[in-house]
Protein chains: 2
Amino acid sequence: MAKDMAEPLKVALLGCGVVGSAVARRLVDDASDLAARVGAPLELIGVAVRDLDKPRPASGVPQDLLTTDAEALVAKADLVVELMGGIEPARSLLLRAIDHGASVVTANKALLGADGPQLYEAADARGVDLSFEASVAGAIPLLRPLRESLAGDSVQRVMGIVNGTTNFILDKMDRTGAALADVLAEAQQLGYAEADPTADVEGHDAQAKAAILASLAFHTRVSTGDVHCEGIMGITADDIRDARKIGCTVKLLAICERTADGVSARVHPTLVPRSHPLASVREAFNAVFLETELAGELMFYGQGAGAQPTASAVLGDLVQAARHKVDGGRGPGESAYAALPILPIDQARTSYFIRLDVLDQPGVLARVANVFGNQGVSIESMRQGVVRSEDGLAMLQIVTHQATDAALARTVEGLQAADDVHEVASVLRVEGM
Amino acid sequence: MAKDMAEPLKVALLGCGVVGSAVARRLVDDASDLAARVGAPLELIGVAVRDLDKPRPASGVPQDLLTTDAEALVAKADLVVELMGGIEPARSLLLRAIDHGASVVTANKALLGADGPQLYEAADARGVDLSFEASVAGAIPLLRPLRESLAGDSVQRVMGIVNGTTNFILDKMDRTGAALADVLAEAQQLGYAEADPTADVEGHDAQAKAAILASLAFHTRVSTGDVHCEGIMGITADDIRDARKIGCTVKLLAICERTADGVSARVHPTLVPRSHPLASVREAFNAVFLETELAGELMFYGQGAGAQPTASAVLGDLVQAARHKVDGGRGPGESAYAALPILPIDQARTSYFIRLDVLDQPGVLARVANVFGNQGVSIESMRQGVVRSEDGLAMLQIVTHQATDAALARTVEGLQAADDVHEVASVLRVEGM
């Protein structure tokens, strides 16, 4: 925090739906934290909406920040975040912002898939940032690694599960054997699919994302219309069953390839071997699998949609674009942050898997359980094996709820001292339960 | 390619082992490609080695670039890549480079884990880049996403498989039931474990990486010595078997947590449920699983070691640091790149899974196979189902080797016209076989 703060940077937000509200909330609520990360305060100067009177109970955006005059708002901003969606007026507003010298952040895959090159060129010519991490695979940091981390490597192939709705449907069909129509209806009930699911199930959503991925991966121009597209509506329970018989599952993949002749981009249902990392992507999660010349195989996995995850990607772009405005993008170095206390292992909380050899005596389970209880360590499950003929002992396996390492250490001491316990055979920590 | 090229940037390489050689080769062989990505040529001005006469058959580094005077080399460079390893002289050389105003790239986890803060502060004070993507999880773009993509989010927890050797051993134990000693011996024979495997199996390698991860994830200072560390030598076949019984596998995890009280970092063998994304990380692969406030769950997966993957990470850092020197880090925008031809779907190559209903007649398999052969589509496998009593037809399932979409389309036409074929029930593409 030692660095001097630069002047505040003015942020304009276009659109105030669920993602816009989440972004606005964080800009207001975590202002000082974001300022520390940027090296300058981020001042939300306005939120452009279509209708001032529409109720926005959850947005938390102060009413006086709302405006219907998006053009005037854009003209005053250093950083513009576009979350309106659709082609117009989003395109005109972004071009106007770039023209004014603002850096822009957008999650608008339709616009980027249709007119990305025009926007890229305008931003390049003006020397401002155009960032769009949220447009593909929501929260998964993917575009920045493609543009920056792999800048010294050569991407050969991209295969992505980039539509959560269709992955939810195909995963469910795979796990239950149900027909597509039934699973789609269920997905609609659960809110995983829209009332009109066309854009998802026909592959159009994935098609626009494939265009963006191919453009970035191969540093060339690919528009949505260049991407061959087939949806999942033709996939039957028989397809899934027969795929399973040959060790495969069916996924809707966006595939972008660099060949000697050029690039190809396509979206279609695809059989993927169960041993492949993409096969284990469940429910509405997204994942993008890369094959590169030097790095080999890489995969990025996470939530592809949702207000909070999308806001994470938008805010990451915004902070980075703001850093560029302040100091050329490095941001406050690692040394600029506060020194947090480092906790000893004693205070780490986790679950434990403990195996004991116990004497075969009445009441032994209760006495062992008591040792845990005395240290405040709660037992999740307890299993006793058969009594072994060779030594008359029985194996006891215990999984605990979360406890501190210190409490567990005292528990183990207590067990070792207990008359019924012959030996504590092993103590292992458990995560991710 | 329209942009004017800036003056060449002088690159010094410290160390010429397998990673150094891979980096040097790419700097020389792909000079024009890298120049286009940076906006300026990257000129390799020298490679510091300990012994000029040591044979380097595979390095391909011109002999006249080699020098033993690392200090003089560093003084002339705009960008310094340190791949010597160890604390000294690496630390002194990096500090000297920073002092001269050079940006530095290093893969040296031992140095960063021990003295990261001193280096971060020096780089911040001088306003140069200090990048170290290759120091954790090799090729996986991880540190840049943590520093940049998630800059607007808040990381709560990091769990990483960051040591390939121990993951290879534990995965093999899990899949075969073998004892650790036997699997370790095999890993040594295969080159997955060193003759002296102490740093890996005792967890020290993961410990240094945990310190780096915790520092970046929580913007605070964590040194190797702050990380609680337990290795895998105590893990028995019984542990693995019993873990399996409760639906878990055992992984060596580096765990970094942010709690209300501070941060904690630790390395230990851990039971992970098989449904968790980390459980499916096989062999010597690495993966890092993040839990953040907004993005939720994220995972990054890839190769953690090896000359080429590590070179990918080093070169990504180098290109990005060079872009900062040229134009503040944006690099040539998407619009600066060449327009590659976009191939129609006809030319896309993939494998196919085809299901046919065929008449139950002698020689039908041969005639169907002929239709494929006539279009140059080679068959990988063919399975015939039982003849159905209701219609006298049999299901034939065929998986092809890779072919173009055009050849496959002609094959399907041929099948539809064939007398023996009642119906082509489905055609699906297959990837990742």
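In what follows, chains are A, B, ... by sequence order, proteins preceding strands, each numbered from 1. On a predicted model such as this, the values are computed, not experimentally measured, just so you know.
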Identify which part of D405(A) has an atom lying under 4.5 Å from any heavy atom of chain B, answering side chain, backbone, both or neither.
neither
Side chain, backbone, both or neither: which part of S381(B) has a heavy atom under 4.5 Å from chain A?
neither
Where does S280(A) contact chain B at under 4.5 Å (heavy atoms): side chain, backbone, both or neither?
side chain
Region of K251(A) that comes under 4.5 Å of a non-hydrogen atom in chain B:
neither
Report which part of Q303(B) has an atom under 4.5 Å of a heavy atom belonging to chain A: side chain, backbone, both, or neither.
both
Heavy-atom contact with chain A under 4.5 Å, split by part of P277(B):
side chain
Given that the side chain runs from C-beta out, which part of L278(A) has a heavy atom under 4.5 Å from chain B: side chain, backbone, both or neither?
neither
Please classify the contact between Y352(B) and chain A as side chain, backbone, both or neither, with a heavy-atom cut-off of under 4.5 Å.
neither
D129(A) backbone acceptor or donor facing S103(A) side chain under 3.5 Å:
yes
Quick one, Y120(A) and L112(A) - any side-chain contact, counting heavy atoms below 4.5 Å?
yes
Interface moiety of E133(A) toward chain B, non-hydrogen atoms closer than 4.5 Å
side chain
For I235(A), which atoms come within 4.5 Å of any heavy atom of chain B: side chain, backbone, both, or neither?
side chain
Which atoms of Q397(A) are under 4.5 Å from chain B, going by heavy atoms: the side chain, the backbone, both sets, or neither?
side chain
Side chain, backbone, both or neither of V399(A) within contact of chain B (heavy atoms, under 4.5 Å)
side chain
Flag the pair F300(B) / P141(B) as yes when at least one side-chain heavy-atom distance between them is below 4.5 Å, and no otherwise.
no
Using heavy-atom distances under 4.5 Å, tell me whether F353(B) contacts chain A through its side chain, its backbone, both, or neither.
side chain
Chain B contact via S275(A) - side chain, backbone, both or neither, heavy atoms under 4.5 Å:
neither
What part of V430(A) lies closer than 4.5 angstrom to a heavy atom of chain B: side chain, backbone, both or neither?
both
Under 4.5 Å from a heavy atom of chain B, the part of R349(A) involved
backbone
Evaluate side chain to side chain contact (heavy atoms under 4.5 Å, CB included) for L343(B) paired with T259(A), printing each intermediate quantity in order.
CA-CA 9 Å; L343(B) 307 177; T259(A) 72; 3.3 Å; yes
Which bit of A243(B) is near chain A, if near means a heavy-atom gap under 4.5 Å: side chain, backbone, both or neither?
backbone
Heavy-atom nearest pair, A295(B) first then D153(B), reads N-OD2, 2.9 Å
Any chance the side chains of S426(A) and R355(A) put a donor and an acceptor closer than 3.5 Å?
yes
E431(B) versus T350(B), side-chain donor and acceptor atoms under 3.5 Å
yes
N286(B) portion near chain A, given a 4.5 angstrom heavy-atom threshold
neither
Segment of S154(A) engaging chain B (4.5 angstrom heavy-atom cut-off)
both
Tell me, out of L119(B), L146(B), D226(B), who's got the most heavy-atom pairs with chain A below 4.5 Å.
D226(B)
Going from CD on Q347(A) to CD on E257(B), what distance comes out if it is rounded to the nearest 0.5 angstrom?
11.5 Å
In terms of heavy-atom proximity below 4.5 Å to chain A, should E230(B) be classed as side chain, backbone, both, or neither?
side chain
Cut-off 4.5 Å, heavy atoms of chain B, and the answer for L318(A) is neither
For R429(B), which atoms come within 4.5 Å of any heavy atom of chain A: side chain, backbone, both, or neither?
both
